[in-house]
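Accompanying notes for the structure given below.
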2 protein chains.
Amino acid sequence: MAKRPTTIPDSELDVLKVLWDRGQATVREVLETLREAGRQWSYATVATLLDRLETKGVITSDRSELAFVYRPVVSSQEVRQKRVSNLVDKLYQGEPGLLVLHLLKAHPLDAKQAKEVRAVLEEMTGDKKKRSGEPSGQE
Amino acid sequence: MAKRPTTIPDSELDVLKVLWDRGQATVREVLETLREAGRQWSYATVATLLDRLETKGVITSDRSELAFVYRPVVSSQEVRQKRVSNLVDKLYQGEPGLLVLHLLKAHPLDAKQAKEVRAVLEEMTGDKKKRSGEPSGQE
DNA sequence: CGTATCCTAAGACAACTGTCTCATAACGTC
DNA sequence: GACGTTATGAGACAGTTGTCTTAGGATACG
C-alpha cells in the first residue's frame with residue numbers, strides 16, 4: 001500500500017515552529033519556550049514530538065553533546081506551501097483566487113498589508129511578462 | 001480532559017463534499033459519485049465515513065426510507081472558515097494578510113479574479129465606514 | 001564515592017483515521 | 001414464501017496522534 005505522504009500534525013507543528021524561530025534547540029529549550037507560550041506539556045511529550053519529527057525527516061539532531069540539539073531540515077515555507085496547497089485543493093477547487101477572496105472578505109487587512117497586496121497585484125497585472133523563474137519569495 | 005474539537009479528516013471531507021454538491025444522498029449515491037471521481041472505496045467505507053460524520057453532528061440522516069438519506073448540517077462556508085482560521089493561526093501568526101500575500105506571490109490570479117480582489121480592496125480601504133451589517137459573503 | 005539531576009530509550013495507552021469483513025434484516029419478484 | 005439484492009450494524013485492525021510513565025545511563029559536585 002502506498003506510503004501516506006509525510007504529514008505534520010498540529011502538536012508537532014508547535015514544536016517545529018520553535019525550531020524555526022530559534023534555529024535550533026534542545027528538548028528542554030523547546031519545552032521552556034512552549035511553557036512561556038502557554039503549552040503545558042511534559043518533557044517527555046516534547047521529546048516524543050521531536051523524535052517523531054526526526055523520524056519523518058523534518059528535523060535532524062546533533063547528538064555530540066549530552067542533550068541532543070535539534071534543527072529543522074525543512075523550511076516553514078515548504079510546510080506552509082504544502083498546507084496551503086492542500087487546503088486549496090480540498091476546499092477551494094484548486095483555485096487559490098477563491099481563497100484569497102474568502103480571506104479578504106472575512107478579515108479586513110490593515111492599511112499596510114492592503115498596500116502590499118495592491119503592490120503585488122499591480123506587478124501581476126501590469127507587468128505581464130512571466131517571471132516564472134522567481135525564486136519563491138522571501139518574506 | 002477537554003474534548004478535542006470536532007475535526008473533519010480528509011476522507012470524511014471527500015464524502016461531505018459530495019453532500020454539499022448534491023444537497024443530499026444515500027450511501028450508494030455518494031459511493032457512485034466518488035467512484036466517478038476516482039475514489040475506489042468499498043460501500044462499507046463510505047457508510048462508515050457517513051456514520052462518523054453524523055456522530056460528529058456534521059450531517060443528519062433521514063431514516064424513513066430503506067436507504068438512509070444523508071444531508072449536510074454545516075455549510076462548506078463554515079468548514080472552510082474553520083480550516084482557514086486554523087491555518088492562519090498555526091502558520092501565519094494569526095495574520096490573514098500574510099497568507100494572502102503568500103498566495104498571490106505563489107499563484108498569479110487570472111484577470112477576472114484579480115479584478116475582483118481589487119474591488120474588494122477598494123471597498124476595504126476607500127470606503128472606511130464599517131459596513132459590518134454586510135450579510136457574510138455569498139459566492 | 002554517593003546521590004541528586006538531567007538526558008534519552010522504550011513503550012504504554014486511549015482516541016482518531018483509513019478501510020474493510022461479516023452478519024443479518026428488509027425488499028422485490030416470481 | 002424462497003431467493004437474490006441491497007441496506008444497515010457491529011466491529012476488526014493497523015497506523016497516527018496526543019500525552020505520559022518508567023527505567024536506566026551520564027553528569028555534577030560535595
Side-chain angles (χ1 to χ4, degrees), chain A residues 1-18 24-35 37-71 79 82-83 86 90, chain B residues 1-18 24-35 37-71 79 82-83 86 90:
Chain A
M1 57 212 70
K3 179 171 66 93
R4 282 200 245 178
T6 295
T7 153
I8 303 180
D10 282 357
S11 54
E12 287 174 21
L13 194 53
D14 282 347
V15 166
L16 182 53
K17 275 197 293 190
V18 175
Q24 59 169 53
T26 63
V27 176
R28 185 153 301 275
E29 287 165 348
V30 172
L31 177 63
E32 294 305 333
T33 305
L34 289 173
R35 278 266 159 79
R39 281 300 224 172
Q40 292 303 338
W41 272 332
S42 85
Y43 187 98
T45 300
V46 175
T48 298
L49 261 9
L50 282 165
D51 201 61
R52 287 180 182 167
L53 282 168
E54 185 168 23
T55 300
K56 292 177 183 175
V58 174
I59 67 180
T60 24
S61 57
D62 171 0
R63 301 176 172 234
S64 63
E65 296 300 314
L66 170 59
F68 298 176
V69 176
Y70 294 90
R71 196 158 22 76
V79 171
K82 205 164 268 176
R83 287 260 179 148
N86 187 58
K90 294 277 176 212
Chain B
M1 60 213 64
K3 180 170 66 90
R4 283 200 243 183
T6 296
T7 154
I8 302 180
D10 282 358
S11 54
E12 287 172 23
L13 194 53
D14 282 347
V15 166
L16 182 53
K17 276 198 291 190
V18 175
Q24 58 169 54
T26 63
V27 176
R28 185 153 299 278
E29 287 165 347
V30 172
L31 177 64
E32 293 305 334
T33 304
L34 289 172
R35 279 266 159 80
R39 281 303 222 167
Q40 291 304 336
W41 273 331
S42 87
Y43 187 97
T45 300
V46 175
T48 298
L49 262 9
L50 282 165
D51 202 61
R52 288 180 182 168
L53 281 169
E54 186 169 22
T55 300
K56 292 178 182 175
V58 174
I59 67 180
T60 22
S61 58
D62 171 359
R63 302 176 171 234
S64 63
E65 296 299 315
L66 172 58
F68 298 175
V69 175
Y70 294 90
R71 197 156 25 74
V79 172
K82 206 163 268 178
R83 288 257 178 151
N86 186 58
K90 294 276 175 213

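Chain identifiers are assigned alphabetically (A, B, ...) following the order of the sequence lines, protein sequences preceding nucleic acid strands; residue numbering begins at 1 within each chain.
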- [ ] Apply side chain to side chain donor-acceptor pair (under 3.5 Å) to Thr60(A) and list each qualifying residue two or more places apart in sequence or on a separate chain.
- [x] none
Task: Interatomic distance, Leu31(B) CG vs dC20(C) C1' [rounded to whole Å] - done: 13 Å
Task: Whole angstrom value for the distance that separates C1' of dG18(C) from NZ of Lys56(B) - done: 12 Å
Open item on the list: Under 4.0 Å from OP1 or OP2 of dT17(C): is there any side-chain N or O of Arg52(B) that close?
Closed with: no
TODO: Could you encode protein contacts along nucleotides 20-30 of chain D as a string, one character per nucleotide from 5' to 3', using B for base contact, S for sugar-phosphate-only contact and - for no contact, with a heavy-atom cut-off of under 4.0 Å?
DONE: BB-----S---
Task: Identified stems (criterion: three or more consecutive Watson-Crick or G-U pairs, under 3.5 Å), DNA chain D - done: C:1-30 with D:1-30
Open item on the list: Taking only side-chain N and O atoms of Ser61(A), does any of them lie within less than 4.0 angstrom of OP1 or OP2 on dT8(C)?
Closed with: no
- [ ] For the residue pair Leu49(A) and Leu16(A), establish whether any side-chain heavy-atom pair is separated by less than 4.5 Å.
- [x] no
TODO: Could you tell me whether the phosphate oxygens of dT6(D), OP1 or OP2, come under 4.0 Å of any side-chain nitrogen or oxygen in Tyr43(B)?
DONE: no
TODO: Could you tell me whether a side-chain N or O of Thr45(A) sits under 3.5 Å from a main-chain N or O of Trp41(A), the two making a donor and an acceptor?
DONE: no
TODO: Give the rounded distance in Å between these two atoms: CD1 of Ile8(A) and C1' of dG15(D).
DONE: 17 Å
Task: Rounded distance in Å - CG (Asp51(A)) to C1' (dT19(D)) - done: 14 Å
- [ ] Tell me, please, which residues at least two apart from Arg39(A) pass salt bridge (charged side-chain N to carboxylate O under 4.0 Å, His left out).
- [x] Asp14(A)
- [ ] Can you sort out the partners of Val69(B) under side chain to side chain contact (heavy atoms under 4.5 Å, CB included), two or more places apart, ordered by chain and number?
- [x] Gln24(B), Thr26(B), Asp62(B)
Task: Atom-to-atom span, CD of Glu29(B) to C1' of dT6(D) - whole angstrom - done: 13 Å
- [ ] With salt bridge (Lys or Arg N to Asp or Glu O under 4.0 Å) as the test, would you mind laying out the steps for Asp10(A) and Lys17(A) before giving the verdict?
- [x] CA-CA 10 Å; Asp10(A) 282 357; Lys17(A) 275 197 293 190; over 6 Å; no
Open item on the list: Side chain of Pro9(A), heavy atoms from C-beta onward: which of dT8(C), dT17(D), dG18(C) has the nearest atom to it?
Closed with: dT17(D)
Open item on the list: Test of understanding: with side chain to side chain donor-acceptor pair (under 3.5 Å), list the residues that count as partners of Ser61(B), not counting sequence neighbours.
Closed with: Glu54(B), Arg63(B)
TODO: Could you check how far CG of Leu49(B) sits from P of dG11(D), rounded to whole Å?
DONE: 19 Å
Open item on the list: What contact category does Phe68(B) fall into here, base, sugar-phosphate, or nothing, at under 4.0 angstrom with non-hydrogen atoms?
Closed with: sugar-phosphate
Open item on the list: In this structure, how many angstroms lie between the P atom of dT16(D) and the CG atom of Leu13(A), rounded?
Closed with: 18 Å
Task: Length of the line joining Asp14(A):CG and dG18(D):P, which is rounded to integer Å - done: 9 Å
Task: N/O (side chain, Arg28(B)) to phosphate O (OP1/OP2, dA7(D)) under 4.0 Å - done: yes
Task: Under the side chain to side chain donor-acceptor pair (under 3.5 Å) test, residues paired with Glu65(B) that sit two or more places apart - done: none
Open item on the list: Applying side chain to side chain contact (heavy atoms under 4.5 Å, CB included), can you list everything that pairs with Lys56(B), at least two apart in sequence or on another chain?
Closed with: Thr6(B), Pro9(B), Glu12(B), Val58(B)
TODO: Can you sort out the partners of Arg28(B) under side chain to side chain donor-acceptor pair (under 3.5 Å), two or more places apart, ordered by chain and number?
DONE: none
- [ ] Would you indicate what Arg63(B) reaches in the nucleic acid, counting non-hydrogen atoms under 4.0 angstrom: base, sugar-phosphate, or nothing?
- [x] sugar-phosphate
